[in-house]
Visitor: 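Below you'll find the structure I mean.
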Amino acid sequence: QVQLVESGGGSGQSGGSLTLSCAAYGDTYSNYCMAWFRQAPGKEREGVAGIDSDGRTIYADFVKGRFTISQDNAKNTMYLQMNSLKPEDTAMYYCAADEICDYSLGYPVSRDFDYWGQGTQVTVSS
């Protein structure tokens, strides 16, 4: 099993940048496929970006060209660099992990992930 802890959320201006981190504890980080999800009030949780153990990445269309997912295996940590923020990026952001990597849809799907962090809030003002 792996435990996930997000950090780095906060408030930003439209057009600004924020970086989220997700630290993994308890198991070998490289065993897991990792992803970022978000959920805005009244909306379903949606996949934002994913990265596998080989560093291959996928992005939801609504963040392509603005967000970058990365990881540092030595630090057991995944990151989400968010640039050109928009008010519609306002949401609770969650990191997730699973031993099996299936990105056949082109974006991460929440039902495929067994391990979740507690979330970190991102608020973007116009």
Side-chain angles (χ1 to χ4, degrees):
Q1 281 193 340
V2 64
Q3 291 80 46
L4 305 173
V5 180
E6 302 98 334
S7 61
S11 298
Q13 295 278 341
S14 182
S17 299
L18 285 172
T19 301
L20 306 183
S21 300
C22 172
Y25 303 92
D27 199 352
T28 304
Y29 179 84
S30 59
N31 288 344
Y32 292 87
C33 189
M34 305 291 293
W36 287 100
F37 291 82
R38 71 185 188 185
Q39 188 167 19
K43 295 188 177 181
E44 292 187 357
R45 188 171 298 186
E46 57 185 1
V48 175
I51 187 167
D52 67 14
S53 58
D54 293 323
R56 289 172 293 203
T57 60
I58 59 166
Y59 296 92
D61 287 344
F62 53 81
V63 301
K64 282 180 181 177
R66 300 190 299 124
F67 291 10
T68 302
I69 189 171
S70 63
Q71 62 191 359
D72 185 335
N73 287 347
K75 295 182 178 180
N76 291 352
T77 301
M78 175 180 65
Y79 305 95
L80 186 68
Q81 175 67 43
M82 305 185 293
N83 298 328
S84 303
L85 285 167
K86 303 176 181 180
E88 51 263 44
D89 293 322
T90 295
M92 185 71 78
Y93 283 72
Y94 299 90
C95 69
D98 200 86
E99 293 94 335
I100 299 173
C101 215
D102 180 4
Y103 289 146
S104 56
L105 293 180
Y107 54 88
V109 178
S110 60
R111 64 175 180 269
D112 293 335
F113 287 79
D114 285 340
Y115 305 103
W116 293 84
Q118 81 287 351
T120 186
Q121 178 67 37
V122 171
T123 302
V124 183
S125 57
S126 57

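Everything quoted here is computed from the prediction, not taken from an experiment. We're numbering straight along the sequence, starting at 1.
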Visitor: Counting only heavy atoms from other residues, nucleotides and ligands, does the tally under 6.0 Å from CD1 of I100 exceed 12?
Guide: no

Visitor: I need the full list of ring-ring contact (aromatic ring centres under 6.0 Å, His included) pairs touching residues 61-80, with sequence neighbours left out, sorted by first then second residue.
Guide: none

Visitor: How long is the span from the CG atom in L80 to the OG1 atom in T68, to the nearest 0.5 Å?
Guide: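 It comes to 8.0 Å.
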
Visitor: Relative to each other, are the rings of W116 and F37 parallel, tilted or perpendicular (30° and 60° limits)?
Guide: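 W116 vs F37 ring planes: tilted.
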
Visitor: Give me the atom names and distance for the closest heavy-atom approach of Y29 to A24.
Guide: CD1-CB, 3.6 Å

Visitor: Quick check: does any side chain N or O of Y59 sit under 3.5 Å from a backbone N or O of I69, one acting as donor and the other as acceptor?
Guide: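 Side chain of Y59 to backbone of I69: a pair is present.
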
Visitor: Would you say that S70 contacts M78 through its side chain, given a criterion of any heavy-atom pair below 4.5 Å between the two side chains?
Guide: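 A side-chain contact under 4.5 Å is absent here.
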
Visitor: Strictly distance-based, threshold 3.5 Å: is any side-chain N or O of T90 a donor or acceptor partner for the main-chain N or O of V124?
Guide: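 Such a contact is found between T90 side chain and V124 backbone.
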
Visitor: Can you confirm whether C33 sits close enough to Y103 that some side-chain heavy atom of one is under 4.5 Å from a side-chain heavy atom of the other?
Guide: yes

Visitor: With heavy-atom distances below 4.5 Å as the criterion, would you say the side chains of E44 and E46 are in contact?
Guide: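 Sidechains of E46 and E44: no contact.
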
Visitor: Any side-chain heavy-atom pair from M82 and R66 closer than 4.5 angstrom?
Guide: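 The answer is no; the side chains never approach within 4.5 Å.
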
Visitor: Could you grab the distance from atom CZ of R38 to atom OG1 of T120, nearest 0.5 Å is fine?
Guide: 14.0 Å

Visitor: V63 and L85: same hydrophobic cluster, using ILVMFWY side-chain contacts below 4.5 Å?
Guide: yes

Visitor: Minimum heavy-atom separation for Q39 and K43, please, with both atom names.
Guide: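 Taking Q39 first and K43 second, the nearest heavy atoms are NE2-O, 3.1 Å.
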
Visitor: Without swapping roles, check the side chain of Q71 against the backbone of D52 for a donor-acceptor pair under 3.5 Å.
Guide: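 Checked: pair present.
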
Visitor: Can you measure from CD (E6) to CH2 (W36) and round to the nearest 0.5 angstrom?
Guide: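 One finds 5.5 Å between CD of E6 and CH2 of W36.
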
Visitor: Give a yes or no on whether a salt bridge exists between K86 and D89, defined as a side-chain N under 4.0 angstrom from a carboxylate O.
Guide: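 Between D89 and K86 there is no salt bridge, as every charged N stays at least 4.0 Å from the carboxylate O atoms.
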
Visitor: Does Y32 form a side-chain hydrogen bond (donor to acceptor under 3.5 Å, both in side chains) with D27? I'd like the steps, not just the answer.
Guide: CA-CA 9 Å; Y32 292 87; D27 199 352; 2.6 Å; yes

Visitor: Can you name the nearest heavy-atom pair linking A35 to F113, along with the distance?
Guide: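 Scanning both residues, the minimum pair turns out to be CB-CZ, 3.6 Å.
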
Visitor: Working to the nearest 0.5 Å, report the span between CZ of R45 and OH of Y93.
Guide: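 Nearest 0.5 Å value for the CZ-OH distance: 13.0 Å.
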
Visitor: Could you tell me if the side chain of Q81 sits less than 4.5 Å from the side chain of N83, heavy atoms only?
Guide: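 Answer yes - side chains close enough.
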
Visitor: Just by modelled atom types, is the S104 backbone N or O under 3.5 Å from a matching donor or acceptor in the D102 side chain?
Guide: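 Indeed, once roles are kept as given, a pair shorter than 3.5 Å links the two residues.
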
Visitor: So, for S126 and P87, which heavy atoms are closest and what is the spacing to 0.1 Å?
Guide: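 Taking every non-hydrogen atom into account, CB-CG, 3.9 Å.
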
Visitor: Test your reading of the model: is there a side-chain donor-acceptor pair from D98 to the backbone of D114, 3.5 Å cut-off?
Guide: yes

Visitor: I need the T123 OG1 to M92 CE distance, nearest 0.5 Å.
Guide: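 So the gap between those two atoms works out to 9.0 Å.
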
Visitor: Taking a hydrophobic cluster as the set of Ile, Leu, Val, Met, Phe, Trp and Tyr residues connected by side-chain heavy atoms closer than 4.5 Å, whether directly or through intermediates, do I58 and M34 fall within one such cluster?
Guide: no

Visitor: Identify the two heavy atoms, one from A97 and one from L4, that lie closest to each other, and give their separation to 0.1 Å.
Guide: N-CD1, 3.7 Å

Visitor: Does a side-chain heavy-atom distance below 4.5 Å link Y25 with N76?
Guide: no

